[in-house]
Amino acid sequence: MNSKFLKAIGPVILWLVLRLLPVPAGLTPAAWYFFAVFAATILGLILEPLPPAAVGFIGVSFAAIMCYVAPTPAGSVAWALAGFSDKTVWLIFGAFIFSIGYAKSGLGRRIALLLVKLLGRRTLGLGYAIMLADLVLAPGTPSNTARSGGTIFPVISNIPALYGSEPGPTARRIGSYIMWTAFACTCVTSSMFLTSLAPNVAALSILRSVGKMDVTWMGWFMGFLPIGFALLLLVPAITYFVYPPEVKVSEETPAWAAGELRKMGPFKFSEGAMAFLVVLAVFLWIVGANKDIRMPLLGSNFIDPTAVVFLVIAAMVVLAIVTWDDILANKAAWNVLVWFATLVTMADGLNKVGFVTWVAKAVASHLAGFSPILVMGVLVAFFFLIHYLFASLTAHTAAVLPVVLASGLAIPGMHAKAFALLLCFSLGIMGVITPYATGPGPVYYASGYISTKAFWSLGLLFGALFIAALIFLGIPWLTVIRPVG
């Protein structure tokens, strides 16, 4: 019996067991049966007997055929297709196309090399250069795998050899330090911006569905700013002391980066055009959602964030930064489109059948009587730590966020918006805890510079630092200093 068969049969067994159990009091049979399909789908996303998008598609298809969410066949199909009309799903897809522009234009590589050239003389400075490179790329790159694994890692992987640092006995000369710094920093930048991690915008859909609340691009950024600023300052320095490199100073690294920049030649039109479009997108994301700012060139004072993405993609094609064939060939973007559309639909189904409300009331009944601030911190920490059980931030978002969010919102006196934001902010930083917790993790783990023991130990240490910063800086910031409502 091979492992692929076991992975495939696991979700089926889970579905069958839940389906045969008595329907819990307070739930309709359809709600419980849909939860059985949902749980099996999430287990399928974790085990991955098939690609995640296929697992999600199968789950939605089965639930639609059985009419668990809507009572009529026509209504059930309309529900199944609803995720494909979700604006945030297309925002994710469109932003993935941005990463093609970064790669094809060479802008991403040039930014990384320039920062290394400027700050790479000291190893600690190199750590901050890597952090800044990721930070600059983050607002326009919703895939941290593409940003860090596909742009940052290929650049910094050339650096250790300059110091005689290779995977194995010499890894700690410098390679281990820069690899962990790059990985930990991309987890922070993944929480920094709404558009720096694909599950962030998926979480926003869940906030709308479960909590009936919305968050602007600027609102997200300002909410996480003190937490992210503190962590980005600390990560390279703390890594430098707890996982120190043997080489502290080098003249070779800036020279190498300068040489690579010379090889790239002068700033190309495609790079300049891409830079302009990214700045334009960020500008419109910030001001476009503010109805008080007049934009006379537009048809109204408001431009939807997804429309901004469509505008930039159209401009990228017109300016030949990318071609339509590039877009059609990007399997990751189309795969994510299907994946997130089905997951948004499944999460919405949990809410529609009343399962989320049922769980929320049950959890709230056990938390009643405690301080809302204490409950907020406990639930955020629980949401963070349970990611040890997941190999996908997307699966975690779809499976756990609706339940935990609804549970907290049912607590009398809970600061709803602050609680919701803290849950969303945790999605990027929780990726630091294991080698499989987020997309770039396997890339850095497979580099050979960080041992298994070191990866898990550092994940535990930095995970504790990240969740402590989120709770002890985030709660007062969002509820007292700059209260959100």
Side-chain angles (χ1 to χ4, degrees), residues 8 10-46 50 52-90 92 201-214 337-365 394-410 420:
V12 177
I13 293 174
L14 177 61
W15 167 77
L16 186 60
V17 169
L18 292 174
R19 177 63 176 77
L20 294 177
L21 287 175
V23 178
L27 282 180
T28 65
W32 180 247
Y33 300 156
F34 177 76
F35 171 70
V37 176
F38 180 86
T41 301
I42 295 302
L43 183 59
L45 292 174
I46 295 171
L50 296 170
V55 173
F57 187 81
I58 292 169
V60 167
S61 299
F62 184 79
I65 290 171
M66 300 304 293
C67 295
Y68 286 148
V69 178
T72 65
S76 195
V77 170
W79 164 78
L81 294 174
F84 291 91
S85 64
D86 188 280
K87 293 187 296 184
T88 55
V89 170
W90 285 98
I92 298 169
V201 284
L204 187 54
S205 291
I206 294 173
L207 258 62
R208 293 192 186 111
S209 175
V210 177
K212 310 305 179 187
M213 60 185 74
D214 205 351
L337 174 67
V338 176
W339 185 5
F340 275 91
T342 54
L343 287 180
V344 166
T345 300
M346 292 294 282
D348 178 64
L350 273 186
N351 190 48
K352 285 185 180 299
V353 300
F355 185 85
V356 171
T357 302
W358 176 76
V359 172
K361 289 179 178 178
V363 173
S365 67
T394 305
H396 185 157
T397 303
V400 187
L401 180 59
V403 176
V404 175
L405 177 62
S407 300
L409 294 181

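Computed from heavy atoms alone, side chains included, the values below leave out hydrogens, waters and symmetry copies. Please read these numbers as outputs of a predicted model, since none were measured by experiment.
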Would you say the side chain of [Y] lies within less than 4.5 Å of the side chain of [X], judging by non-hydrogen atoms?
{"X": "V55", "Y": "T41", "answer": "yes"}
{"X": "V23", "Y": "T28", "answer": "no"}
{"X": "T345", "Y": "V69", "answer": "no"}
{"X": "L18", "Y": "F35", "answer": "yes"}

Nearest heavy atoms of [X] and [Y], plus distance in Å:
{"X": "P11", "Y": "A8", "result": "CD-O, 3.4 Å"}
{"X": "V210", "Y": "A406", "result": "CG1-CB, 3.9 Å"}
{"X": "A31", "Y": "L27", "result": "CB-CD2, 4.0 Å"}
{"X": "W15", "Y": "A40", "result": "CB-CB, 3.7 Å"}
{"X": "A63", "Y": "S76", "result": "O-OG, 4.0 Å"}

Could you give the distance from [atom1] ([X]) to [atom2] ([Y]), rounded to the nearest 0.5 Å?
{"X": "L350", "Y": "L401", "atom1": "CG", "atom2": "CG", "result": "11.5 Å"}
{"X": "L16", "Y": "L21", "atom1": "CG", "atom2": "CG", "result": "9.5 Å"}
{"X": "L204", "Y": "D214", "atom1": "CG", "atom2": "CG", "result": "5.0 Å"}

Inset, instruction - Classify the angle between the aromatic ring planes of W79 and F34 as parallel (below 30°), tilted (30 to 60°) or perpendicular (above 60°). - result: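 Judged by the thresholds at 30° and 60°, the geometry between W79 and F34 is perpendicular.
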Inset, instruction - Take the angle between the ring planes of W358 and F355 and call it parallel below 30°, perpendicular above 60°, tilted in between. - result: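 Correct class here is tilted.
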Inset, instruction - Decide yes or no on side-chain contact (heavy atoms from CB on, under 4.5 Å) for M346 and V37, but give the supporting numbers first. - result: CA-CA 9 Å; M346 292 294 282; V37 176; 4.1 Å; yes
Legend entry - Candidate list V404, V403, T397, test side-chain contact (heavy atoms from CB on, under 4.5 Å), partner V400, passing option: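 Result for side-chain contact (heavy atoms from CB on, under 4.5 Å) with V400: V404.
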Legend entry - S209 side chain to S205 backbone, donor-acceptor under 3.5 Å: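 No, the answer is negative, given that no donor and acceptor are paired below the 3.5 Å cut-off.
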